[in-house]
Amino acid sequence: MSESTDSVHDSETVEPGRYLPNEIEPRWQQRWIDDRTYEIDNDDPREKRYVLSMYPYPSGPAHIGHVRNYTFGDLLVRYHTMNGKGVLSPIGFDSFGLPAENAAIATGEHPRPFTDAKVEELSSSLRNIGAVYDWRRTVKSHDPSYMKWTQWIFKRFWEAGLAYRANAPVNWCPGCQTVLANEQVIDGLCDRSGDVVQRRDMEQWFYKITDYAQELLDELDNLEWPDRVKLMQRNWIGRSEGAEFGLPIADESGGPKVDAEPLAVYTTRPDTGFGMTFAVMSPEHPRVDELTTPEQADAVNAFRAEVADKSDIDRMSTSAALDKRGVFTGSRVVNPFNGKAIPLYLADYVLMTYGTGAIMAVPGQDQRDWDFAKTHGIDIVRTVQPSAAFDGDAYTGDGVAINSEWLDGLAVAEAKPKAIDFLVEQGLGNRKVNFRLRDWLLSRQRFWGCPIPMIYCDACGIVAVPDEDLPVVAPDDVEFRPTGESPLKYHEGFLNVACPTCGEPARRETDTMDTFVDSSWYFLRFADPWNDQLPFSKEAVEEFLPVDQYIGGVEHAILHLLYARFFTKALADLEVGPKSLREPMKRLFTQGMVRMGGGKMSKSRGNTVSPEQTVADHGADALRLAILQVKPPAEDVDWEDFQLDGCERFLHRVWRLAATDSDLIKNVRDGDPTDADDAIVTATHVLIARVTGEYERWAYNTAVAGFMEFTNTLYKYVQSAEGPHRATLGSAIDTLLLLMAPAVPHISGELYERRTGGNAHLESWPVADPAKLVVSTVTMVVQVNGKVRDRIEVATEITDADAERLALASPTVQSHLDGEPKKIIVRAPKLVNIVA
RNA sequence: GCCCGGGUGGCGGAAUGGCAGACGCGGCGGACUCAAAAUCCGCUGUCCGAAAGGGCGUGUGGGUUCGAAUCCCACCCCGGGCACCA
């Protein structure tokens with residue numbers, strides 16, 4: 001054996017045990033499972049907390065965005081557990097969806113084994129970062145025991161009229177070969193494939209979310225959600241107040257035609273009625289044929305054909321010339337405010353899907369109407385007096401009514417109700433609230449989703465699959481082809497079925513549900529995942545819901561979060577859920593995204609980060625700490641800004657300080673504590689108070705700074721000439737480990753156990769002793785004209801008079817004074833400001 | 001166009017009316033070492049100055065205040081949401 005080998009050997013025997021994350025982390029992860037530390041039973045006596053991160057789509061091993069999300073959730077689960085709460089921390093998988101089906105089309109293999117493998121990979125990733133769940137409660141959207149209740153709930157909605165089938169113009173994505181929800185269409189493009197969305201008329205299933213529009217709007221006020229998310233939902237629901245009324249159809253003489261149904265219009269500005277110089281119908285309006293004169297028929301038909309050809313994105317582009325965007329019907333209607341006959345046009349800027357599909361046009365107060373009137377040579381009458389400085393076209397601001405007979409002189413807010421009163425008196429219309437929100441189109445022409453449990457019978461019509469036959473599960477032997485229809489449609493064994501009512505041959509519904517249906521109730525199932533009689537019991541849901549803290553990406557601000565609220569309300573009304581549970585998520589936190597080099601991180605760009613590799617290289621605790629340290633959780637963060645090396649270095653410093661065989665700690669004292677020791681005790685309690693507050697308000701980045709500062713302080717302390725006091729140091733380190741335990745659970749658990757024999761994760765959360773937070777002296781700042789000129793150590797309880805006297809006595813302060821001070825502001829003991 | 005956020009060192013950020021730049025990264029210097037790495041200690045906004053010390057400084061301009069990164073007004077820039085919704 002050579003000398004050099006010996007010397008390496010020797011040095012290893014005297015070196016303290018090193019921090020080896022890959023050795024300790026798997027052991028602790030297994031232990032949390034074996035000890036069932038984070039499993040909770042429904043009859044657990046502790047006060048309950050429900051902490052939930054949005055369940056993920058299983059796309060394989062966790063990506064860095066997942067890791068960030070689940071680290072925040074895991075920290076809270078552990079923190080609340082140490083605070084004595086019984087924490088429900090479940091995990092599930094949003095396991096239906098297009099990627100698995102697209103893979104099936106590519107490989108010909110069934111999506112189930114593909115999905116199951118991805119679920120396993122993601123589960124393993126989550127365990128590898130030290131995230132803890134009650135795995136017994138895991139739910140998966142594609143699990144028949146979950147599908148059964150998704151279908152059961154669909155049936156209850158159907159029976160209550162909250163699910164219905166209708167022919168509707170729908171958004172069709174040619175790339176995905178399916179219908180999309182309004183929410184999945186962004187700027188006329190499919191939010192998944194980016195294809196231009198086409199409009200088609202199809203028979204579809206809808207959930208009647210519009211029944212809840214008002215409540216969904218009102219109850220936002222009571223939620224502890226980010227204002228941004230609440231605002232986005234408010235805008236999406238889009239409530240507007242106005243009037244719906246009829247415009248009588250004019251005869252040749254310009255008077256109202258007695259036998260014709262008036263044309264219904266909706267306006268938010270009934271006060272501007274006297275300025276209505278034309279009216280407009282949507283090109284899709286059902287009364288277009290009836291209200292088009294023979295002379296104009298050719299022009300109208302040409303226009304309608306042109307509009308029908310356009311995609312929504314073309315139709316919305318404002319660049320199209322306005323004379324191409326509308327056509328005269330040849331008919332006139334009567335403005336009921338002044339009795340004048342006005343022309344009726346078609347224009348593509350009026351949508352059939354909002355209001356009545358027809359409008360009164362007031363060019364003086366609406367810019368689109370103004371532009372249209374200019375192009376078509378229509379009169380413009382202002383009915384609101386613009387402010388003196390105004391030099392634009394249409395005036396939409398406040399002002400007094402003009403050119404409006406009996407409304408003249410009234411402000412907009414006064415004129416509106418008076419105009420509505422007039423319409424009511426005339427028997428033409430009434431006050432009306434409109435919402436932008438549409439019903440939720442839930443059917444998808446896809447295989448890998450939850451089948452809609454309905455049957456079409458020639459004799460009985462639409463019949464639901466009986467409850468005892470649920471779940472309807474798709475067969476395995478299907479052919480995966482992109483046909484524009486679900487492969488179920490070509491599977492005779494699935495398609496053909498006896499009608500449950502009359503027994504005659506009938507056909508199954510082959511469409512499946514939007515995956516957002518699955519995610520609209522999974523948080524309820526977590527409370528009672530073993531229930532095979534009901535989706536969940538009311539008692540179990542009452543025990544845990546609402547979710548105390550929901551965590552997820554802001555990209556779900558509208559879709560998922562609105563649907564989940566709708567489901568919770570509807571289930572309560574159907575007495576499936578507890579009556580009092582009107583809102584599912586009491587508090588919501590939306591964490592920021594992880595970017596890469598300023599751009600989006602995506603597989604197609606090849607700039608993804610592998611958390612698995614990072615854990616292998618640095619340890620899960622270092623990755624967790626870097627996530628917490630780099631930025632406030634709500635903000636987007638760039639992977640390039642992560643400081644993994646610094647975080648790993650810090651953990652080594654903690655290890656060296658806290659390890660029982662530390663080479664750092666020498667000259668340990670016992671006996672009476674000194675001033676230096678008292679300062680450490682104070683610093684320990686200050687840290688407890690600080691970190692507790694920071695965990696509560698999601699200030700994880702400054703909590704990490706607190707750990708680092710305290711560790712730096714302890715390093716100075718143990719290296720001081722005087723040496724550390726045994727009990728003081730021990731308690732400081734033990735406390736630090738407990739405070740860090742929710743953030744970096746493996747190293748904290750390991751060191752705490754080596755030091756005390758106890759399990760940090762089962763210990764009580766430290767509480768700051770107010771008596772120990774008190775300090776005897778503080779640094780008082782002395783300013784002259786607001787500029788700091790001196791700092792003086794003073795007793796905490798110094799009087800204002802003493803503070804002022806000390807400040808004036810300072811030589812540096814004196815050198816900045818020129819004669820008698822004009823004024824002295826004293827904020828003892830922190831500050832004195834002398835105005836010279 | 002409308003509605004929200006936000007703008008602080010070389011970089012990520014801290015400070016919510018009272019010491020601007022905590023903590024970390026990076027950089028510089030020192031100790032240890034034959035040497036390097038690791039580790040430990042110190043310095044690090046900027047300008048003037050040998051130093052002591054001083055000037056300037058939180059997107060821009062104004063205001064309120066004894067005192068403003070923080071509050072108010074106007075503007076510029078960046079990010080996000082909504083956008084023919086009558």
Side-chain angles (χ1 to χ4, degrees), chain A residues 18 186-187 226-236 238-240 242 265-269 272 279-280 282 312 315-318 320 325 347-351 353-362 365-369 371-372 396 434-438 554-555 557-558 592-593 625-626 629-632 634-638 640-647 649-650 652-653 656 663-664 699 701-712 715-716 719 779-791 812 815-816 821-827 830-836:
Chain A
R18 290 177 45 229
I186 311 293
D187 291 337
D227 287 341
R228 184 167 61 130
V229 173
K230 293 205 245 184
L231 191 70
M232 282 162 70
Q233 291 213 350
R234 276 190 197 103
N235 290 340
W236 189 262
R239 182 183 199 272
S240 68
V265 294
Y266 174 74
T267 183
T268 56
R269 294 295 301 275
T272 63
V280 188
S282 165
D312 276 2
R315 186 163 165 177
M316 286 194 302
S317 74
T318 44
R325 300 188 61 193
D348 67 358
Y349 73 81
V350 175
L351 308 176
T353 47
Y354 186 79
T356 61
I359 61 162
M360 69 173 211
V362 186
Q365 268 75 230
D366 182 285
Q367 190 60 41
R368 286 158 310 172
D369 295 348
D371 294 338
F372 194 87
T396 54
N434 255 326
F435 294 94
R436 210 189 73 117
L437 182 71
R438 313 290 155 70
V554 74
E555 67 272 17
I558 297 171
M593 284 198 309
L625 193 70
Q629 185 252 10
V630 64
K631 238 184 179 191
E635 291 176 32
D636 286 354
V637 58
D638 205 297
E640 293 176 353
D641 294 326
F642 274 64
Q643 294 165 6
L644 264 172
D645 291 337
C647 289
R649 189 176 304 156
F650 166 74
H652 277 102
R653 275 167 73 80
R656 203 177 157 202
D663 66 328
L664 191 68
N701 54 331
T702 54
V704 173
F707 301 147
M708 291 176 167
E709 283 171 48
F710 190 64
T711 301
N712 292 343
Y715 261 66
K716 286 200 178 71
Q719 293 177 99
T779 305
M780 182 174 78
V781 170
V782 185
Q783 300 177 330
V784 178
N785 294 328
K787 285 187 195 297
V788 178
R789 296 301 180 187
D790 202 3
R791 297 181 178 89
T812 29
S815 72
H816 286 93
K822 289 198 185 78
K823 191 173 175 183
I824 300 178
I825 287 95
V826 183
R827 296 283 180 274
K830 290 182 74 179
L831 173 132
V832 174
N833 187 16
I834 299 162
V835 186

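Just so we're on the same page: letters track the sequence lines, and every chain starts at 1. The shown structure was predicted, so the numbers you read here are calculated from the model rather than taken from an experiment.
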Listed nucleotide nearest any side-chain atom of [X], set [options]:
X         : options                : result
Arg653(A) : C4(B), C41(B), C56(B)  : C41(B)
Lys716(A) : G54(B), G42(B), G24(B) : G42(B)
Tyr715(A) : C41(B), A86(B), G18(B) : C41(B)
Met708(A) : C23(B), A83(B), C3(B)  : C23(B)
Arg656(A) : C23(B), C82(B), C40(B) : C40(B)
Arg368(A) : C82(B), G18(B), A86(B) : A86(B)
Leu351(A) : G54(B), G24(B), A86(B) : A86(B)
Val835(A) : C82(B), C56(B), C66(B) : C66(B)
Val350(A) : A86(B), C19(B), C4(B)  : A86(B)

Say you pick atom [atom1] in [N] and the same atom in [M]; how far apart are they, in whole Å?
N      : M      : atom1 : result
U39(B) : U60(B) : P     : 39 Å
A35(B) : C48(B) : P     : 38 Å
U8(B)  : G61(B) : P     : 16 Å
C82(B) : C73(B) : C1'   : 27 Å
G54(B) : G17(B) : C1'   : 27 Å
G7(B)  : A69(B) : P     : 14 Å
C71(B) : G80(B) : C1'   : 25 Å
U65(B) : C75(B) : C1'   : 23 Å

Indicate, with a heavy-atom threshold strictly under 4.0 Å, whether [X] touches base, sugar-phosphate, or nothing.
X         : answer
Asn785(A) : nothing
Gly646(A) : sugar-phosphate
Thr353(A) : nothing
Arg239(A) : nothing
Lys787(A) : sugar-phosphate
Ile825(A) : base

Nucleotide opposite [N] in a Watson-Crick or G-U pair, distances under 3.5 Å:
N      : answer
U70(B) : none
A22(B) : none
G49(B) : none
U58(B) : none
U39(B) : A31(B)

Next item on the list: Say whether, by atom type as modelled, one donor and one acceptor occur between the side chain of Ser282(A) and the main chain of Val350(A) under 3.5 angstrom.
Entry: yes
Margin query: I'd like to know if the side chain of Gln719(A) reaches the main chain of Tyr715(A), judged simply by a donor and an acceptor atom lying under 3.5 Å from each other, with no hydrogens or angles considered.
Written below: yes
Does [X] make a side-chain N or O approach to OP1 or OP2 of [N] shorter than 4.0 Å?
X         : N      : value
Arg649(A) : C25(B) : yes
Lys823(A) : C66(B) : yes
Gln719(A) : C41(B) : yes
Arg827(A) : G67(B) : no
Asn833(A) : G18(B) : no
Tyr266(A) : A86(B) : no
Lys230(A) : C3(B)  : no
Thr702(A) : C23(B) : no

Item checked: Short side-chain donor-acceptor distance under 3.5 Å, Arg653(A) and Asn712(A) -> yes
Margin query: Syn or anti for G9(B)? Use the chi torsion, O4'-C1'-N9-C4 for purines and O4'-C1'-N1-C2 for pyrimidines, with syn inside 90° of 0.
Written below: syn
Are [X] and [Y] close enough that some pair of their side-chain heavy atoms sits under 4.5 Å apart?
X         : Y         : answer
Gln643(A) : Val630(A) : no
Arg269(A) : Val362(A) : no
Ile359(A) : Asp366(A) : no

Once hydrogens and angles are ignored, does a donor-acceptor distance under 3.5 Å link the base of [N] to the side chain of [X]?
X         : N      : result
Asn235(A) : C82(B) : no
Arg438(A) : C85(B) : yes
Arg228(A) : G5(B)  : no

Notebook entry, point to check: Want to settle it: does Ala358(A) or Val637(A) sit nearer the 5' end of RNA chain B, counting the closest nucleotide to each?
Noted result: Val637(A)
Checklist line | First encountered from the 5' end of RNA chain B, between Gln643(A) and Gln783(A) | finding: Gln783(A)
Notebook entry, point to check: Rounded to the nearest 0.5 Å, how far apart are NZ of Lys787(A) and NE2 of His816(A)?
Noted result: 9.5 Å
Next item on the list: Give, for atom CZ of Arg791(A) and atom CD of Gln783(A), the distance between the pair rounded to the nearest 0.5 Å.
Entry: 10.0 Å
Check: Within a radius of less than 6.0 Å around NZ of Lys830(A), do more than 12 heavy atoms belonging to other residues, nucleotides or ligands occur?
Finding: no
